[in-house]
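Structure record follows, encoded as structure tokens.
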Amino acid sequence: MVVDEFLNRIATGAGPEEVAALYAEKVDWRVNWPRPEHADVPWIRPRSTRADVADHHRTLAAACVPGEGSAGISRILIDGDDAVVIGETAQTVRATGKRFSTSFALQLTVLDGLITRHHVYEDSLAVAEACAS
């Protein structure tokens, strides 16, 4: 299953291109933020292609302290082509040394074996506060 493989690649630290290979060329991408970009959070910005997905993972990795991230999945709900992954994640921001922790829901749609929708719902304020100088 594509969702399981996606989570496995994230958990094992697969490279950005390896993660992005699970996505369609065109992606409906959204991170829960009231505006499309945020100056303090470099990985929150509009994305729409497989190359953008790889860039998201590179940007996120560069912005966070290696080895200090954590994530836990509490539930995966599947309904046809759609999946919702519910969990918690935490990271330490490299630029500020601040740590954020947030619950999240990740909505994925898989069509023809590739992820076509990636919507994240999280405590964006906690993330932004950790990234702000």
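Bear in mind the structure is a predicted one, so any value in this text is a computation, not a measurement.
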Short N-O contact, [X] and [Y], less than 4.0 angstrom:
X	Y	answer
R94	E68	no
D52	R45	no
R9	E18	no

query = Are any side-chain N or O atoms of D79 and backbone N or O atoms of D82, one a donor and one an acceptor, separated by less than 3.5 Å?
reply =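 Judged by distance alone, no pair lies under 3.5 Å.
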ask   = Quick one: does T96's side chain have a donor or acceptor within less than 3.5 Å of a partner on C131's backbone?
value =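 Answer holds: no.
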Same cluster or not: are [X] and [Y] linked, directly or through other Ile, Leu, Val, Met, Phe, Trp or Tyr residues, by side-chain heavy atoms under 4.5 angstrom apart?
X	Y	answer
I86	I10	no
I78	V110	yes
L77	V120	no
V84	M1	no

If you take all heavy atoms of [X] and [Y], which pair is closest and at what distance?
X	Y	result
S70	T89	O-OG1, 2.9 Å
V2	G113	CG2-O, 3.3 Å
R58	P16	CG-CG, 3.4 Å

Could you grab the distance from atom [atom1] of [X] to atom [atom2] of [Y], nearest 0.5 Å is fine?
X	Y	atom1	atom2	value
S124	E129	OG	CD	11.0 Å
E122	T102	CD	OG1	5.0 Å
R47	R30	CZ	CZ	16.0 Å

task = Would you please indicate if the ring centroids of H56 and W29 are separated by under 6.0 Å?
result =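 Yes.
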request  = Give me the one residue out of L114, V27, D81 that meets side-chain contact (heavy atoms from CB on, under 4.5 Å) with T109.
outcome  =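 That would be D81; it is the only one of L114, V27, D81 passing the side-chain contact (heavy atoms from CB on, under 4.5 Å) with T109.
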query = Between D28 and H119, does any side-chain donor sit less than 3.5 Å from a side-chain acceptor?
reply =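 Yes.
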inquiry  = Can you classify the ring geometry of F6 versus Y23 as parallel (below 30°), tilted (30 to 60°) or perpendicular (above 60°)?
reply    =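 Aromatic pair F6/Y23 classed perpendicular.
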